[in-house]
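A quick write-up on the structure given underneath.
Per chain, numbering begins at 1; letters A, B, ... match sequence-line order.
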Amino acid sequence: MTFQLILDEIKNNLKKILDDLSISDVNFSVELAKPGFGDVSSNIAFLLAKELKKNPKEITQMLFEKYSQCSSTLVLKTEAHPSGYLNFFADWTKLSKLILSESYLDTFGAVDIGNNSNIIVEHTSVNPNKALHIGHIRNIVVGDTVSRILTKANYKVNVLNYIDDSGLQVADIIVGFKHFKFDEEPPNGKKFDHYCGDDVYVKTTQKYELDSSLGEIRKNTLKELEDGDSETAAFGDMITRKVLAGQLQTCWNLNVSYDCLNFESQIIRSGLWSKIFEKLKEMGLIEFENDGKNAQCWVIRGDDNEDDKVIVRSNGTATYIAKDIPYAAWKLGLLDDPFYYQKYGATQPNSKTLWQTSLNNDSATPQNFTAQKVVTVIDSRQERLQKIITTLMEKFNSIPDSYVHLGYESVTLSSDTAKTLGLETDGKQAQMSGRKGVYVSADSVCELLKQKITEETKKRHPEMEDSEIEKIAQSVSIGSLRYEMIKQDLDKIITFDLAKSLSLEGDTAPYIQYAYARASRILEKSGITPTTDVDFSLLQEKSELNLVKTIGLFNLQVRDAANNFAPKVIARYCHDLAVAFNSFYEHVKVLDSDNDELKSSRICLVNSFNITLEKALDLLGISAPNRM
RNA sequence: GGACUCGUGGCUCAGCCUGGAUAGAGCAAGCGGCUUCGAACCGCUAGGUCGAGGGUUCAAAUCCCUUCGAGCCCUCCA
């Protein structure tokens, strides 16, 4: 507990005052004050205005007088503001000590929302027939950041990546390899996922448009693919796993890791569908249509204005959404687990074990990846389908909010960037399309950013060794990209512009990382080991106290972010920390001071800032180099 | 036609859930700051009918209704 302490103290005192006045059920706020209005403010007087039939100003004055009789340890003085707000000024000597001491603990910023319960976060889930593009990155970074935040909020998080290794998009590349004889080895060392996406997939799709008779070949290939024993299925498995390996490299490079890979082909072959199909029928959640436009189909009835959704076609095959139902039920632990688990054949950079589903029990280890609560990160275009699943799961297990669809808006290309890809958009932004080959690949953006940052770093540190520059460029480029993907609200479209993405100034990760590097240099040059055994009363400058205050807000921000699955909250917090530090840096000289006591206090603060920022950035999957 | 989302300075956004004080940032523009703990920084100036209209309220960018504009979804595609 940190800044929360003073909020709690004030809230309790105000409650007591209300009790004495025999007033209850007033949901007043006690929150961080706007700059210039003290440290904490409450709207309590506004809420009492009606009941007491007085204007807020009078009430605030009355509360102000009563508050002076309350016992307070962290509040130095109170103010009845003419506007009606009741403002509080903190005793910063005491509060600084509490906040800065707490910040040195490993658990700083942790909150308990999850009560150590299991939760699943599923993200990425990109069709394994192409390389990841910048739109997928948003999904991955949102998912990874949310899982880090939930871990900090005391959930046991398992991260899943759903591998959709059956279906038309996979059939298409098989047609490319088998029918159009694309070489199985990519030319001149091209990454396999890029080769499949850029060449095989795009060009095969183009040929469909020229020759409609290819539709038959496509359909047959799909059929063979879904028959687990066929040669086509084995070939498809081999190809999709090679693509997946390439995709995982991209993800790992972004500091993202997983706990388990779930293969759609295995879910299909596991027989989970027929089990859930029977249950759906029993529970009356799906109905058979005898006539009408969906005659001979099984459907889910639509709510209100929504149309019915076909689950099983009149020819007896299941539709796309039907594959999601058993998977969702499996995640929630509503079905017996048909899978065995094997270790994936490559280690993740953070050395966490990565499991994968398997249907044969050779060298298998039992695992449990189910949870009472499931968060699925999918873009909001799938909202309707996800809503059907959500509703269905609610009826299944009667636990509200156990299946959460975390939606986000798509990433589009700016008209300039689209133009560089050969697409004229008439000044409008453009949707990406893997099929048409209109996209910016994740790897190329990372590479571009890394080059730019390498240049910038060399400019600033001509003497620096290449290996260190490489490390810095890696950290800053990944930080930049990740930050851009989460700093704004999930329901805002991100228009990606190649040129603008290279900006390293302002509200960007490099700005934040730079503050960390500055602080690191102060600590390094001071020659003092930071300690919290210092005189906190010496920290009196506005910029010092503002920095302490911002540090003290960490756990409040984590709570907000975890409750709302809102990664941007932490992004903004990191930015706020950096702004507060830069202001401190300009106003206060740490090392110049003749006063050793003061120097120690400031070193304590600088170190507190650094460890807090490091922890907050870690929630974003961003590292901070000591020099840059 | 129906569902959902967005609309805040030239541009990109925060604030909206949970109504209250002076609507905050960044980019771009103009000016200023490195013999000083690192200028990937800081300060100043200019720029805003919070899409429009109505309602609720002592109080609306925030809640409700209507409307306009943009996006997206509404296949026995995946």
Side-chain angles (χ1 to χ4, degrees), chain A residues 27 29 31 33-37 41 43 45-47 49-50 55-56 81-85 87 127 164 166-171 222 289 293-299 302-307 309-321 323 379-385 387 407 409-410 412 428-429 431 453 456-457 459-461 476 487-495 497 500 503-515 517-526 563-564 568 572 575-576 578-579 581-583 585-593 602 606 627-628:
Chain A
N27 193 18
S29 72
E31 56 197 12
K34 281 190 182 184
F37 296 102
S41 59
N43 67 351
F46 295 110
L47 304 182
K50 192 170 248 177
N55 70 46
H81 195 272
S83 64
Y85 270 101
N87 296 333
N127 293 336
D164 189 355
S166 48
L168 272 179
Q169 74 287 350
V170 174
L222 178 62
E289 292 281 41
K293 65 170 181 168
N294 294 330
Q296 310 302 309
C297 296
W298 287 90
V299 302
D303 294 341
D304 308 324
N305 300 317
E306 299 284 7
D307 284 342
K309 186 75 201 164
V310 173
I311 295 298
V312 177
R313 303 184 184 99
S314 52
N315 66 6
T317 58
T319 59
Y320 169 67
I321 186 175
K323 291 178 184 172
D379 81 75
S380 49
R381 283 175 294 198
Q382 302 223 31
E383 188 167 277
R384 184 169 129 75
L385 291 178
K387 200 177 157 200
E409 271 294 347
S410 53
T412 63
K428 282 178 142 184
Q429 47 182 250
Q431 289 286 338
I453 290 156
E456 294 290 324
T457 311
K459 240 188 259 170
R460 290 166 170 82
H461 307 283
V476 177
K487 75 173 177 186
Q488 53 200 322
D489 203 87
L490 296 180
D491 47 27
K492 235 134 204 173
I493 293 171
I494 293 180
T495 305
D497 185 275
K500 285 183 186 158
S503 162
L504 309 177
E505 291 160 17
D507 187 9
T508 64
Y511 171 87
I512 298 165
Q513 290 167 312
Y514 184 66
R518 278 176 142 185
S520 299
R521 293 292 278 173
I522 293 178
L523 295 172
E524 190 187 310
K525 288 199 168 178
S526 76
N563 277 330
N564 298 302
K568 71 167 178 191
R572 299 202 69 77
H575 183 253
D576 289 348
V579 168
F581 177 77
N582 280 330
S583 166
Y585 188 91
E586 294 296 324
H587 289 101
V588 172
K589 296 289 172 237
V590 176
L591 300 181
D592 270 6
S593 171
R602 287 180 173 161
V606 171
R627 302 181 67 191
M628 61 184 277

Requested in this report: Establish whether the base of B/A40 is bridged to the side chain of A/Arg460 by a donor-acceptor pair shorter than 3.5 Å.
Outcome: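 Yes.
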May I ask you to say what [X] touches in the nucleic acid, namely base, sugar-phosphate or nothing, with a heavy-atom cut-off under 4.0 Å?
| X | answer |
| --- | --- |
| A/Thr457 | base |
| A/His587 | nothing |
| A/Val588 | base |
| A/Arg572 | sugar-phosphate |
| A/Lys525 | sugar-phosphate |
| A/Asp592 | nothing |
| A/Tyr85 | base |
| A/Thr508 | nothing |

**Report entry** Which residues share a ring-ring contact (aromatic ring centres under 6.0 Å, His included) with A/Tyr514, sequence neighbours left out
**Finding:**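 Listed in chain order: nothing, the list is empty.
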Query raised in the report: Between B/C17, B/G7, B/C42, which nucleotide gets closest to the side-chain atoms of A/Lys492?
Result: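 Of B/C17, B/G7, B/C42, B/G7 is nearest to the side chain of A/Lys492.
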Report task. Report, as a single string ordered 5' to 3', how protein heavy atoms within less than 4.0 Å touch nucleotides 71-78 of chain B: B base, S sugar-phosphate only, - not at all. Result -> SSSSSBSB
Who are the side chain to side chain contact (heavy atoms under 4.5 Å, CB included) partners of [X], not counting sequence neighbours?
| X | result |
| --- | --- |
| A/Asn27 | none |
| A/Leu47 | A/Val26, A/Phe28, A/Asn43 |
| A/Arg460 | A/Glu456 |

Going by purine N1 to pyrimidine N3 plus the second Watson-Crick contact, or the G-U wobble pair, all under 3.5 Å, which nucleotide sits opposite [N]?
| N | value |
| --- | --- |
| B/G69 | B/C6 |
| B/G43 | B/C31 |
| B/A21 | none |

Query - Spacing of A/Ile311 atom CD1 and A/Thr317 atom OG1 [to the nearest 0.5 Å] - result: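 One finds 12.0 Å between CD1 of A/Ile311 and OG1 of A/Thr317.
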Report task. Take atom C1' in B/U8 and the same atom in B/A61, then report the distance between them in whole Å. Result ->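 Between the two C1' atoms, the distance is 7 Å.
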Query raised in the report: A/Tyr85 vs A/Phe46 aromatic rings, parallel, tilted or perpendicular, using cut-offs 30° and 60°?
Result: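 Taking A/Phe46 first and then A/Tyr85, their aromatic rings stand perpendicular (interplane angle over 60°).
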Query raised in the report: When the nearest nucleotide of RNA chain B is assigned to A/His461 and to A/His575 on a heavy-atom basis, which residue is associated with the more 5' position?
Result: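 It is A/His575, whose closest nucleotide lies nearer the 5' terminus.
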**Report entry** Which residue lies more 5' along RNA chain B, comparing A/Ser583 with A/Asp491 via nearest heavy atoms
**Finding:**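 It is A/Asp491 whose nearest nucleotide is closer to the 5' end.
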Tabulate atom names and distances for all N/O pairs under 3.5 angstrom spanning the protein and nucleotides 55-58 of chain B.
none

Report task. Measure from NZ or CZ of A/Arg518 to the centre of the six-membered ring of A/Phe581, then state whether that distance is under 6.0 Å and the direction lies within 45° of the axis. Result ->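 So A/Arg518 doesn't make the cation-pi contact.
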